[in-house]
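Scroll down for the structure; my scribbles are underneath it.
Scope of the values below: all heavy atoms of this structure, side chains included, with no hydrogens, waters or symmetry mates. Below, chain A is the first sequence line, B the second, and so on; all start at residue 1.
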Protein chains: 2
Amino acid sequence: MIATATAPSRPRYVQIEESLHALLETGGYRPGDKLPPEPELAQQLGVSRATLREALRSFEQQGIINRKQGVGTFVNLRPPYIESGLESLESIEMLLASRQILPTFLQRTVCTEAALPKAAQRLSIDEGEPLTVVTSTVTVAGSPVAYLLEVTPEGFVEAAAIQSAATSLLHLLLDNRESYDIAYAVAHIAPVHGTEAICGALGVGGQTPLFFVEQTVYSAAHQPRFYSRNYYVPNFFDFHIIRKREI
Amino acid sequence: MIATATAPSRPRYVQIEESLHALLETGGYRPGDKLPPEPELAQQLGVSRATLREALRSFEQQGIINRKQGVGTFVNLRPPYIESGLESLESIEMLLASRQILPTFLQRTVCTEAALPKAAQRLSIDEGEPLTVVTSTVTVAGSPVAYLLEVTPEGFVEAAAIQSAATSLLHLLLDNRESYDIAYAVAHIAPVHGTEAICGALGVGGQTPLFFVEQTVYSAAHQPRFYSRNYYVPNFFDFHIIRKREI
DNA sequence: GACAAATATTTGTCAGACAACTGGATTATA
DNA sequence: TATAATCCAGTTGTCTGACAAATATTTGTC
């Protein structure tokens with residue numbers, strides 16, 4: 001039925017979630033539609049009702065479905081823009097790819113530096129440890145749209161892979177799920193004026209407010225693996241966030 | 001045991017989630033701690049194991065706990081800053097209150113205007129319908145830190161309540177959960193230069209980049225209820241977001 | 001001490017049953 | 001007839017009890 005995939009010990013209710021997800025996506029269910037009754041759905045997925053309900057609970061938590069006692073389970077309307085806001089960790093390549101845009105990386109430089117105190121703290125390593133620093137200017141149709149400065153401990157990513165890649169370092173990490181166990185990032189955002197060098201690279205005047213994102217990227221075990229300081233040209237990007245009420 | 005609270009028809013597994021949340025917060029559980037075995041915990045909460053497991057699944061989905069077959073259930077390390085990032089919908093009062101700061105609202109004006117096309121579209125109402133517009137300057141210890149422009153259809157909030165409140169309109173909505181069913185917002189963020197009026201109100205020069213947040217606030221049924229255009233002084237705020245990898 | 005086997009602990013899954021709730025159909029009543 | 005009360009089928013919510021599977025601990029053996 002479902003490919004056993006990489007981890008054979010993954011609990012069934014997680015696998016069922018994936019089956020359910022596929023069912024909702026490709027099974028022709030649209031917002032507002034009613035799902036089959038739980039006993040039927042459980043049989044259809046080859047699982048007990050209790051296990052199915054754990055998966056459904058997770059979906060309900062995410063706001064994908066809506067259960068009502070005595071009535072049924074319904075596919076929710078999705079909030080606008082639910083996907084690909086800032087709350088989802090993506091590389092700039094992924095962001096642009098979803099709009100069928102292919103970026104070019106100019107002036108891509110890769111160098112090794114000793115970690116300064118701030119960088120060392122951020123990556124939980126010792127001062128002076130070697131870091132790999134990648135800087136690049138991202139252009140779309142000839143116009144520069146972003147300036148990236150990306151930092152990771154030397155050796156975390158194979159040097160040859162970094163050199164040969166024509167992508168952002170973050171994309172390299174996210175693209176190889178198995179090798180790098182990237183789970184989330186903490187991003188700080190601010191409006192700034194760029195330095196002369198950055199404004200020059202982006203071809204904007206010194207008075208143009210830039211969108212500055214500084215983020216540290218963590219593994220699932222909360223180990224910092226990477227950080228970046230990126231400058232975006234605001235007119236080209238439209239950043240948004242879904243803000244959910246808590247409690 | 002647990003107060004029956006407002007809605008008696010709320011499913012038990014949701015109530016259990018709240019009990020669990022309280023248990024984790026006040027029950028002295030720290031990250032890494034192991035929870036009691038499920039049968040014991042179920043008895044402690046006065047609920048069957050199946051129901052408890054649905055609540056636990058929801059917590060696992062949120063990354064709060066970690067279950068491992070044959071071992072136990074553990075409280076997760078929390079990512080830094082997990083709370084009160086931009087991804088959580090809060091009023092500026094709530095944001096500052098968590099840091100023991102009490103803001104003052106100066107030059108608070110309340111007026112009624114006819115909806116222009118853009119505003120009408122945003123709030124899904126007809127052009128020309130009356131809107132209540134609240135503008136205010138937020139100061140902390142005498143220094144202006146934000147300028148708010150908040151808009152809602154007239155009548156959605158009682159006029160007297162708006163007039164008498166010395167808070168942001170959003171705070172009024174979030175503070176009265178029962179009256180206004182606010183669930184989430186879609187926020188767009190950008191770095192901008194303020195207009196003369198705004199820079200004047202905030203006491204900054206025209207070249208200072210401001211943090212601009214334009215958000216539409218929705219009910220649980222995805223009805224737009226409110227929108228705001230806010231300008232923040234960047235040096236006073238440190239906005240951050242948790243960005244999670246999807247899939 | 002090192003290794004292997006048995007045991008205990010804990011989460012994962014199942015089956016079946018009944019309760020609670022909803023919405024519509026049916027029936028009783030004015 | 002119109003309206004209200006009742007019943008009924010359908011669906012999610014909850015419970016009980018059991019066993020399977022994974023892991024950690026203890027015990028036995030050399």
Rounded interatomic separation in angstrom, taking CD from A:Gln69 and P from C:dT22: 7 Å
Kindly point out which of C:dC14, D:dT14, D:dT23 is positioned nearest to the side chain of B:Val71? D:dT23
Can you classify the ring geometry of B:His240 versus A:His188 as parallel (below 30°), tilted (30 to 60°) or perpendicular (above 60°)? tilted
Check the phosphate of C:dG12 against B:Arg57, side-chain N and O only, distance under 4.0 Å to OP1 or OP2. Yes or no? no
Given D:dC15, is OP1 or OP2 found less than 4.0 Å from the side-chain N or O atoms of B:Arg12? yes
Can you tell me how far P of D:dA21 sits from CZ of A:Arg10, to the nearest Å? 18 Å
Base partner of D:dC30, which must satisfy Watson-Crick or wobble distances under 3.5 Å: C:dG1
Out of D:dT16, C:dT13, C:dT10, which has the shortest distance to the side chain of B:Pro37? C:dT10
Separation of D:dT11 atom P from A:Glu38 atom CD, nearest Å, is 11 Å
Quick check: do B:Ile65 and B:Thr73 have side-chain heavy atoms less than 4.5 Å from each other? yes
Could you check if a side-chain atom of B:Glu17 sits within less than 4.5 angstrom of a side-chain atom of B:His21, using non-hydrogen atoms only? no
How many whole angstroms separate atom CZ of A:Arg67 from atom P of D:dG10? 21 Å
Protein-nucleotide distance (A:Arg53, atom CZ; C:dC14, atom P), rounded to Å: 15 Å
Between D:dT16 and B:Arg49, is there an OP1 or OP2 to side-chain N/O distance shorter than 4.0 Å? no
In whole angstroms, how far is the C1' atom of C:dG23 from the NZ atom of A:Lys34? 10 Å
How many angstroms lie between NZ in B:Lys118 and CG in B:Leu116, if you round to the nearest 0.5 Å? 10.0 Å
Please tell me which of B:Lys68 and A:Ser48 maps to the more 5' nucleotide of DNA chain C, matching each residue to the nucleotide holding its nearest heavy atom. B:Lys68
Please tell me whether B:Tyr184 and B:Glu87 have a donor and an acceptor in their side chains that are separated by less than 3.5 angstrom. no
Of the listed nucleotides C:dA19, C:dT13, D:dA21, the one nearest the side chain of A:Thr51: C:dT13
Between C1' on D:dT14 and CD on A:Glu54, what's the gap in Å once rounded to a whole number? 14 Å
Within the pair A:Thr73 and D:dT11, is there a side-chain N or O less than 4.0 Å away from OP1 or OP2? no
Verify the contact: side-chain N or O of A:Tyr13 to OP1 or OP2 of C:dT13, cut-off strictly under 4.0 Å; return yes or no. no
Whole angstrom is fine here: how far is it from CG in B:Leu52 over to P in D:dG13? 16 Å
